[in-house]
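Sequence lines set the chain letters: A, B, ... in the order given, protein chains first and strands last, and positions in each chain run from 1.
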Amino acid sequence: MKLINNIISKIDDFPTLPTIYTKLNEVTSDPKSTATDVANIIAQDQASATKVLRLVNSPAFGFQRAVTTISQAVVLLGFDEIKNIVLTISIIDTFKDIGNSNYLKPIDLWKYSIAMGIVSRAIAEDIKVESSEKVFLCGILHGIGKLLFMKMLPDLYEKVLSYSYENKVSTRETEVKIIGMHNSTAGRLLAEKWNLPPDIKNVIKFYNIGDNGGEFDLNIAIVHVASVVVDILELGSSGEFKERSINPMAFNKLGLSNDFFTENLSRILAEYRESIDLLLILDKK
Amino acid sequence: MAEYKLLKDLEVGMLIAESIINNYGQLMIPNGSTLSEKHIKLLKTWNIKGAKIKSSEDELVFVIPAFMKKELRDRVLSKFSKLRYSELSTELFNDLIEMGIIYHAKKLKN
């Protein structure tokens with residue numbers, strides 16, 4: 001119990017998301033805001049501005065001419081996409097100094113998270129969800145609790161991983177045994193502190209089960225099915241060493257085309273490889 | 001067989017395997033077209049991320065031998081426990097496993 005209280009207070013003391021993201025959130029939700037308002041906020045944070053430009057000029061975005069100013073980037077990409085890029089940059093920055101582990105390399109966990117974002121987005125596009133970029137974020141952030149454990153409790157989490165690996169038991173169950181809570185509980189507490197949108201909070205809490213207390217939930221189902229795909233393709237590592245299950249309701253009710261997986265395999269892989277390159281770009285100082 | 005390629009990997013002369021539609025639902029390049037310089041420019045202007053391309057003959061003849069297929073299928077299925085097969089949509093589940101088999105077979109081949 002003492003440990004749980006200790007963790008809760010540690011999460012409470014955890015850094016907030018950079019002000020640039022909260023400011024962007026305010027400005028982009030005001031219908032009167034212009035691209036210049038958005039650009040001004042990003043330009044004030046030199047480190048983020050440089051990274052945004054580096055990303056936008058990478059081949060993934062495929063622009064014909066070099067994008068040299070933040071205002072250009074905002075106009076070309078739109079408010080939502082820019083906001084998501086800044087959030088991704090902020091989160092990578094927050095967790096950049098995680099120490100290494102013998103059982104789960106931080107870079108592999110990032111790769112896993114990025115693959116989750118990409119597969120989630122591909123699913124969202126197949127079933128015509130309106131905001132596929134938000135689903136992308138849900139995928140990326142689903143396992144934020146693991147990053148939090150690795151950063152806050154590196155020694156204890158190493159014990160969790162080594163115990164799960166050696167005994168071939170579920171890491172999630174070991175988390176409860178040794179730390180006293182699932183990574184999804186810790187992740188949700190952080191998401192609350194960061195005031196992330198409710199959809200994302202729900203995904204963090206329930207992606208592993210695949211539904212919200214027996215009720216179908218679109219975002220949760222998407223990220224759950226994405227995790228099945230990423231596990232089969234072995235992209236990165238989630239730190240889970242035991243076999244897993246599939247929630248039939250999430251799997252059947254999404255309404256995916258019957259050949260969705262084989263049809264989208266090459267696209268998922270192409271986007272994954274590209275994004276890993278972007279991740280390495282972001283990692284450069 | 002078709003393969004999705006990112007915009008930067010598209011080349012003049014490639015065969016489009018699925019019509020390309022822009023964000024407004026308008027048809028940009030119809031299925032079966034051969035990519036031209038102009039097409040690629042058009043895709044860049046509309047910031048379209050990529051396109052499905054008909055695979056080269058080399059990939060068309062890529063057939064997974066039966067023994068290997070069984071082995072790979074077992075490997076994919078070994079990732080799961082307590083699956084309630086009867087409750088999963090059969091066609092979609094078979095497609096999921098097939099995806100895993102194709103992926104791991106190609107990985108072994110390379």
Trainee: A side-chain contact here means heavy atoms from C-beta on lying under 4.5 Å apart; do B/Lys52 and A/Arg267 qualify?
Mentor: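 Answer no - side chains too far apart.
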
Trainee: Using every non-hydrogen atom in the two residues, find where A/Ser245 and B/Lys82 come nearest and quote the distance to one decimal.
Mentor: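 Smallest heavy-atom distance, with atoms named: OG-O, 3.6 Å.
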
Trainee: If you measure from the Lys or Arg side-chain nitrogens to the Asp or Glu carboxylate oxygens, is any gap between B/Lys79 and A/Glu240 under 4.0 Å?
Mentor: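 Here B/Lys79 does not pair with A/Glu240 in a salt bridge, since their nearest N and O are not under 4.0 Å apart.
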
Trainee: Under 4.5 Å between any side-chain heavy atoms of B/Asp95 and A/Asn258, yes or no?
Mentor: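 Side chain of B/Asp95 against side chain of A/Asn258, heavy atoms only: no contact under 4.5 Å found.
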
Trainee: Quick one: does A/Phe261's side chain get under 4.5 Å of B/Leu92's, heavy atoms only?
Mentor: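 Side chain of A/Phe261 against side chain of B/Leu92, heavy atoms only: contact under 4.5 Å found.
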
Trainee: Within a 6.0 Å radius of atom CD on A/Glu234, are there more than 12 heavy atoms belonging to other residues, nucleotides or ligands?
Mentor: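 Atom CD in A/Glu234 is packed in, count exceeds 12.
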
Trainee: Hey, is NZ on A/Lys128 packed in by over 12 heavy atoms from elsewhere, all under 6.0 Å?
Mentor: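 Counting neighbours around NZ of A/Lys128, 12 or fewer heavy atoms of other residues, nucleotides or ligands fall under 6.0 Å, so no.
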
Trainee: Do you know which of B/Glu18, B/Lys5, B/Arg84, B/His104 has the most heavy-atom pairs with chain A at a distance under 4.5 angstrom?
Mentor: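 Ranked by heavy-atom pairs under 4.5 Å with chain A, first place is B/His104.
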
Trainee: In Å, rounded to the nearest 0.5 Å, how long is the span from OG of B/Ser81 to CZ of A/Arg244?
Mentor: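 Output value for this atom pair is 9.5 Å.
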
Trainee: Evaluate the side-chain proximity of A/Leu235 to B/Tyr103: yes if any heavy-atom separation is below 4.5 Å, no if none is.
Mentor: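 Of all side-chain heavy-atom pairs linking A/Leu235 with B/Tyr103, at least one is under 4.5 Å.
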
Trainee: Under 4.5 Å heavy-atom distance to chain B, tell me which part of A/Leu269 shows up: side chain, backbone, both or neither.
Mentor: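 Side chain only.
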
Trainee: Going through the distances and angles, do B/Ser89 and A/Asn252 end up as a side-chain hydrogen bond (donor to acceptor under 3.5 Å, both in side chains)?
Mentor: CA-CA 6 Å; B/Ser89 153; A/Asn252 299 341; 4.6 Å; no

Trainee: Given side chains that start at C-beta, do those of B/Leu96 and A/Phe260 come closer than 4.5 Å, heavy atoms only?
Mentor: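 They are not in contact (no side-chain heavy atoms under 4.5 Å apart), so the answer is no.
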
Trainee: Should we say atom CD of B/Glu91 is surrounded by more than 12 heavy atoms from elsewhere, each under 6.0 Å from it?
Mentor: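 Counting other residues, nucleotides and ligands, CD of B/Glu91 stays at 12 neighbours or fewer.
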
Trainee: Return the option, out of A/Leu76, A/Leu233, A/Leu265, with the maximum number of heavy-atom pairs under 4.5 Å with chain B.
Mentor: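 Greatest number of close heavy-atom pairs with chain B: A/Leu233.
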
Trainee: Are any of the side-chain heavy atoms of B/Phe93 and A/Ile246 separated by less than 4.5 Å?
Mentor: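 Yes, side chains in contact.
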
Trainee: Chain B: which of A/Lys242, A/Arg273, A/Glu263 shares the most heavy-atom pairs with it under 4.5 Å?
Mentor: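 Winner by heavy-atom pair count: A/Glu263.
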
Trainee: Just verifying a value: how many Å separate B/Asn94 CG and A/Asp259 CG, rounded to the nearest 0.5 Å?
Mentor: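 So the gap between those two atoms works out to 12.5 Å.
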
Trainee: Highest number of heavy-atom pairs under 4.5 Å with chain A: which of B/Leu83, B/Ile97, B/Leu88?
Mentor: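 Highest number of heavy-atom pairs under 4.5 Å: B/Leu88.
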
Trainee: May I ask you to decide if B/Glu3's main-chain N or O and A/Ser266's side chain share a donor-acceptor pair within less than 3.5 Å?
Mentor: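 Absent.
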
Trainee: Pick one of side chain, backbone, both or neither for B/Lys107, based on which atoms fall under 4.5 Å of a heavy atom in chain A.
Mentor: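 B/Lys107 touches chain A through side-chain heavy atoms alone.
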
Trainee: Using the rule given for side-chain contact (heavy atoms from CB on, under 4.5 Å), can you reason through B/Tyr4 versus A/Asn264, listing the C-alpha separation, both sets of side-chain angles and the distance that settles it, and then say yes or no?
Mentor: CA-CA 8 Å; B/Tyr4 184 88; A/Asn264 282 278; over 6 Å; no

Trainee: When you look at OH of A/Tyr103, are more than 12 heavy atoms from neighbouring residues, nucleotides or ligands closer to it than 6.0 Å?
Mentor: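 Yes, OH of A/Tyr103 has more than 12 neighbouring heavy atoms, counting only those of other groups under 6.0 Å.
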
Trainee: Taking the side chain as C-beta and beyond, is there a heavy-atom pair between B/Lys8 and A/Glu274 under 4.5 Å?
Mentor: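 Yes - at least one pair of side-chain heavy atoms lies under 4.5 Å apart.
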
